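Below are the structure tokens for one structure; questions will follow.
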Amino acid sequence: MDSATNATNARPVRTRYAPSPTGFQHIGGLRTALYCYLFTRKMGGQFLLRIEDTDRSRYVPGAEEYIIESLSWLGIECDEGVHIGGPKGPYRQSDRKALYAEYVQRLLDNGWAYYAFDTPEELTAMREEYKTAENPSPQYNAFTRRHMRNSLTLSDEEVTTLLGEGVNHVVRFKIPADQTVVVNDVVRGEVVVNSNELDDKVLMKSDGMPTYHLANVVDDRLMGITHVIRGEEWLPSTPLHVLLYRAFGWEDEKPSFAHLPLLMKPDGKGKLSKRDGDRLGFPVFPLAWVHPLKEESSSGYREIGFLPEAFTNVLAFLGWNPGTEQEIFDNRADLVDAFSLERVSKSGAKFDYNKAKWFNEQYIKALTPAELAAKVRPFAPAEMADVSDERLTEICALLQERITLLPDVWEQGAYFFGMPQSYTRKVLKKKWKEDRKPHFQSLRDDLAALSDFSAEQVETTVKAMMERTGLGFGDVLQILRVMLVGVVSGPSIFEIAALLGQEETLKRMDYGFSNFDAILAEPAA
Ligand code: GLU
């Protein structure tokens, strides 16, 4: 049993993925969602999607839909959430505004929070005044608060007047002096902080909107969250959250925390960013997007042709491993079963695009050709789109072992849809010899005479020609390949010929007979 379910958490497991719609969620966010989901399924609990949009100035239209679509692409099903509702809704923080005011009031009433009326100029002046070499940017805290304009330093009448006049103000959390705050993190163990290191964070902004910290803690409590699983960048905020639980009197039912390691660049030096993907030639987003406000866009793993099952497997291994040699989890139930927060690593997880491609190849190979055909069809270029299911399945069967991304079938198999667009001159130059031409002509006639144009029959016929003429594999097969597909790589040329069919095979050979000399005579490109 996962020890994350220990003592304080005898309640049914409830987790949440709580993204902010301030941009397009990158694969780090999606990994958080996956880990929450896997852990919750393993524990037989409930997983919900909450949108944390209290910072309206950073809201990006479409970002919320993008999150929902990404989860659905990977089959990460939510039990409750902004898109499906549920008993603890609403699940979008901007729809819960009134509720936060009530909880801020509680903290004001019990002395854990206070009003602060300082203007931006006064805050700047404070930072200037208390700045030292050791402390270049002083915080609003137990020391400086005594010198500022807030409900701790002003008289009750003054405060009432200022509030009555509607003077701009915020509500700040009153961090208690010199207390030990302990965060028990499932991944990192015990993290101990002295409260003197923390500042009096704003809980309610001047526009009446709560800050992330307040809304996050209140919602986790009201939504019955037992395990907060999120990115490592939130670890420094967690002591504040623990104190908020204390301030509200909810300490006994505070959730367990699990902070997931950062996703790192392939070389391990720093956090993975869109720029790294652009530079190294891979997306860092699950789905493609176009920013509605900026001139920016990105491709996504779905659009470049990853299978969602393969990509799930990739994400699962970014910061976790099952502790066995097993790498492929082609069955969701097995992955759920193997998953545990205890095996999440502390150190940053390097994103390795080559490894990601390897996973996709393995999943592609495991499909039946008909399944693969159905999955590659949406990627069909217009001029190839009317291929029948049956023929596409045959093409897939032939190419399945060799492709990495779904659209590769169309690119690598383009020769099934039309004559080669070019011919490898190097091979022709070396192997298209005058004295061999009659042998290829006789091969053509033998192939024309076949009544069963199967790969086996084509192979037998080609081998008979080689025996008869003394020509070797390299001489015959490379020329035949160039004739049929233009290049010398690819699956079995006998299979290719059979799939092209007798008529098309002969047509392409004939084209070679009439054009190879002319191609060779052209100046090299
Ligand atoms: N809204 C925060 C984010 O965008 C959520 C952090 C948390 O899960 O507590 O990452």
Side-chain angles (χ1 to χ4, degrees), residues 4 13-40 45-60 62-68 70-71 76 78 80-82 88 90-97 100 173 183-188 191 201-203 205 209-245 250 254-263 271-274 284-286 315 319 341 344:
V13 165
R14 281 175 66 82
T15 67
R16 82 309 191 267
Y17 177 46
S20 298
T22 53
F24 295 96
Q25 153 204 256
H26 110 341
I27 55 182
L30 200 54
R31 184 210 44 186
T32 299
L34 177 67
Y35 284 18
C36 283
Y37 163 85
L38 293 174
F39 171 73
T40 312
Q46 284 127 19
F47 168 62
L48 61 91
L49 173 64
R50 181 173 76 221
I51 298 295
E52 301 207 325
D53 61 344
T54 53
D55 190 352
R56 298 302 290 177
S57 65
R58 293 180 59 215
Y59 181 78
V60 173
E64 184 178 315
E65 291 74 13
Y66 182 91
I67 289 159
I68 294 166
S70 309
L71 296 180
I76 300 178
C78 302
E80 297 166 30
V82 70
K88 305 284 185 187
Y91 295 90
R92 187 183 294 109
Q93 290 186 328
S94 56
D95 296 333
R96 301 170 66 81
K97 201 173 153 188
Y100 304 120
F173 191 50
V183 177
N184 272 309
D185 191 90
V186 179
V187 177
R188 302 184 164 261
V191 180
K201 280 271 179 304
V202 171
L203 300 178
K205 294 177 276 189
M209 274 301 239
T211 54
Y212 154 73
H213 303 290
L214 180 92
N216 184 272
V217 165
V218 166
D219 284 349
D220 281 347
R221 163 71 183 194
L222 297 184
M223 294 179 182
I225 299 304
T226 57
H227 295 76
V228 168
I229 301 168
R230 61 186 173 194
E232 186 184 299
E233 64 274 25
W234 298 105
L235 187 61
S237 302
T238 309
L240 166 69
H241 299 177
V242 167
L243 283 174
L244 274 164
Y245 277 93
W250 298 335
K254 109 175 157 304
S256 298
F257 292 96
H259 287 92
L260 309 177
L262 286 180
L263 279 199
K271 210 168 134 181
L272 181 69
S273 71
K274 175 173 185 298
V284 302
F285 296 90
L315 286 182
L341 289 175
V344 170

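Computed from a predicted structure; not experimentally measured. We number each residue from 1, following the sequence as shown. Read the numbers this way: they start at 1 and go in the same order the structure lists the ligands and their atoms.
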**Report entry** Those atoms of ligand 1 less than 4.0 Å from some heavy atom in Asn216
**Finding:**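 Reading through ligand 1 atom by atom, the close ones are 7 (C), 9 (O).
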Report task. Using the six-membered ring wherever Trp is involved, compare the ring planes of Tyr212 and Trp234 and label them parallel, tilted or perpendicular (cut-offs 30° and 60°). Result ->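 Correct class here is tilted.
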Query raised in the report: What are the two closest non-hydrogen atoms of Arg31 and Pro261, and how far apart are they?
Result: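 It is NH2-O, 2.6 Å.
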Requested in this report: Give the residue, atom name and distance (to 0.1 Å) of the protein heavy atom nearest atom 2 (C) of ligand 1.
Outcome: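 Atom 2 (C) of ligand 1 sits closest to the protein heavy atom Ala18 O, 3.3 Å.
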Query raised in the report: Is the shortest side-chain N to carboxylate O distance from Glu233 to Lys271 below 4.0 Å?
Result: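 No salt bridge links Glu233 with Lys271.
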Report task. Give a yes/no on ligand 1: does Arg16 have at least one heavy atom closer than 4.0 angstrom to it? Result ->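 The answer is yes: ligand 1 sits under 4.0 Å from a heavy atom of Arg16.
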Query raised in the report: Below 3.5 angstrom, do we get any N/O pair linking Val228 and ligand 1?
Result: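 N/O-N/O distance below 3.5 Å does not exist for this pair.
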Query - Shortest non-hydrogen contact from Lys88 toward Leu222 - result: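 Looking at all heavy atoms of both residues, the shortest contact is CD-O, 3.5 Å.
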Report task. Check whether the side chains of Tyr100 and Asp219 place a donor and an acceptor atom closer than 3.5 Å, and report yes or no. Result ->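 The answer is yes; a qualifying pair exists.
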Report task. Could you name the option among Tyr212, Trp234, Phe257 that has the heavy atom nearest to atom 10 (O) of ligand 1? Result ->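 Looking at heavy atoms only, Trp234 sits closest to atom 10 (O) of ligand 1.
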Query raised in the report: Of all the atoms in ligand 1, which lie at a distance below 4.0 Å from a heavy atom belonging to Glu52?
Result: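 Contacts of ligand 1 toward Glu52, numbered from 1: 1 (N), 2 (C), 5 (C).
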